[in-house]
Amino acid sequence: MKKFFLVPIIALISCSGGPGSSSGSSSQESSSDKSGMIDPGDGKILVAYFSVTNNTEKIANYAKEHLGSDIFEIVPKQEYTAEDIAYNNSDCRANKEQNDPSSRPEIKFSIDDISQYDTIVLGYPIWWSQAPKILYTFMESYDFSNKTILPFCTSGSSPIGSSATNLAKSAPSANWLEGKRFSANASKEEVGNWLDESLKKEEDMKLYIDENELNVVWEDNESVKALKQLLPLTINMHEYGGFEQTGSIGSAITKNDTQIDVVPGDIVLYGGNAISVFYNESSWSYTRLGKINMEKTELEKLLNKSSVTFVLKGE
Ligand SMILES: Cc1cc2nc3c(=O)[nH]c(=O)nc-3n(C[C@H](O)[C@H](O)[C@H](O)COP(=O)(O)O)c2cc1C
């Protein structure tokens, strides 16, 4: 498609005191039936979605019901009219935005406290094989570091394709899971099965350090599979070098070492027979095992001591 004029980046305006507070309080600034407010469930997981013709909204509601999660609608400040999304007209608003790399349509409401969520299930319609530009506005509005993001889309026929991987570039420190495309008439059961399968992968090996259960995203590799064969596993770790806790597994498992830069939260296999957990940056030849979703300051409190007990258990 041809390129259109550039729209200046618009400053984001947040509705303070509005949606998303843990108390579930909300504000609504227009007479529109779109509120964007957080509908509170059990917390921790948030379903956030954008939808113009309600296909994505339907799937998002199925997800919320299945997970008992909170839900937040990404409501555009300037809502899309039927004319705006008439995409057979190259001049329609949606097409102009998709063709403009700097386009960031403003969002009407904001989430007060994103830190309460570990996992975001993120839904959007496919527009010209990609996520609508308002999703980029959303991603750039919050700190998604160490959060797990599970994307899904609805479309006429296009797959999720590169839409999620391109969006992931705007929140590179989040743990992006593989996304899925749903048709407008997907069933609640199909959505529920997908959520169970996608989010279960997150939870099938539990890590406790000094009896604190930690939220870990495990790598999908042969070493993690081998580790699961050893469960339950207790490792007495000791501090090393001012950046890690490390300890022997007691036997060797399959490894695929490469020189990597590790950051706080990384869990790696060292030499095939030891596990290291980092609270500071380092660089060495390791096999990645997983990453703990935790702020550096919290990791320091947990790991910057002479020794810790590292326990892995199955479900
Ligand atoms: C601007 C625009 C571009 C679209 N581009 C595609 C596309 O590339 N492939 C596709 O299968 N569907 C495309 N669609 C159809 C939507 O993805 C589909 O109708 C979606 O389910 C709408 O979701 P919603 O009802 O939540 O807004 C496009 C729709 C619009 C408005």
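Just so you know, these numbers use all the heavy atoms, side chains as well, and skip hydrogens, waters and symmetry mates. Just follow the structure's listing: the first ligand is 1, and inside any ligand the first atom is 1. As the structure is a computational prediction, the values presented were derived from the model and not from experiment.
- The protein heavy-atom contact nearest to atom 24 (P) of ligand 1 is Thr53 OG1, 3.3 Å.
- At least one cation-pi condition fails for Lys58 and Tyr62: the charged atom is not both under 6.0 angstrom from the six-membered ring centre and inside a 45 degree cone around its axis.
- Contacts between Asn54 and ligand 1, counted as non-hydrogen atom pairs separated by less than 4.0 Å, involve the backbone only.
- Heavy atoms of Ala94 found under 4.0 angstrom from ligand 1 belong exclusively to the side chain.
- Without hydrogens or angle criteria, Gln245 side chain to Glu239 main chain gives a donor-acceptor distance under 3.5 Å.
- Below 4.0 Å from some heavy atom of Pro125 lie the following atoms of ligand 1, by number and element: 20 (C), 22 (C), 23 (O), 24 (P), 27 (O).
- Here the heavy atom of the protein found nearest to atom 5 (N) of ligand 1 is Trp128 N, 2.8 Å.
- Salt-bridge check for Arg288 with Asp266: passed, with a basic side-chain N closer than 4.0 Å to an acidic carboxylate O.
- Close contacts of ligand 1 with Ser51, meaning ligand atoms under 4.0 Å from a residue heavy atom, involve 24 (P), 25 (O), 26 (O), 27 (O).
- Residue Ser157 has at least one heavy-atom neighbour below 4.0 Å for each of these atoms of ligand 1: 10 (C), 11 (O).
- Between the side chain of Ser198 and the main chain of Leu195, no donor-acceptor pair closer than 3.5 Å is present.
- The Val52 neighbourhood of ligand 1 comprises atoms 24 (P), 26 (O), 27 (O), with distances under 4.0 Å to a heavy atom of that residue.
- By heavy-atom distance, the residue among Trp127, Phe182, Tyr49 lying nearest atom 3 (C) of ligand 1 is Trp127.
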Any chance you could lay out the ring-ring contact (aromatic ring centres under 6.0 Å, His included) test for Tyr136 and Tyr124, step after step, and finish with the verdict? CA-CA 11 Å; Tyr136 287 80; Tyr124 54 87; 9.1 Å; no
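- Comparing Ile85, Ile126, Asn55, Thr154 by heavy-atom distance to atom 14 (N) of ligand 1, the nearest is Ile126.
- Surrounding CD of Glu295 are at most 12 heavy atoms belonging to other residues, nucleotides or ligands under 6.0 Å away.
- Close approach of ligand 1 to Ser158 (heavy-atom distance below 4.0 Å) involves ligand atoms 7 (C), 8 (O), 9 (N), 10 (C), 11 (O).
- Gly156 N, 3.1 Å is the protein heavy atom nearest to atom 12 (N) of ligand 1.
- Per-residue contacts place Asn95 under 4.0 angstrom from the following atoms of ligand 1 (heavy atoms of the residue considered): 1 (C).
- Proximity of the aromatic rings of Tyr270 and Tyr240 is defined here by a centroid distance below 6.0 angstrom, and this criterion is not met.
- More than 12 heavy atoms of other residues, nucleotides or ligands lie within 6.0 Å of NZ in Lys305, so this atom counts as buried by the packing criterion.
- Counting protein heavy atoms only, atom 8 (O) of ligand 1 is closest to Ser129 N, 3.0 Å.
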Worked verdict on Leu122 versus Trp176 for side-chain contact (heavy atoms from CB on, under 4.5 Å): CA-CA 10 Å; Leu122 184 64; Trp176 287 77; 4.2 Å; yes
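- Between Phe50 and ligand 1, no pair of N/O atoms sits closer than 3.5 Å.
- Atom 15 (C) of ligand 1 has its closest protein heavy atom at Tyr87 OH, 3.7 Å.
- Ring to ring, Trp127 and Tyr80 are close: their centroids are under 6.0 angstrom apart.
- The distance from ligand 1 to the heavy atoms of Thr56 drops below 4.0 Å at these ligand atoms: 23 (O), 24 (P), 26 (O).
- Between Phe144 and Phe138, the ring planes are tilted. Angles from 30° to 60° get that label.
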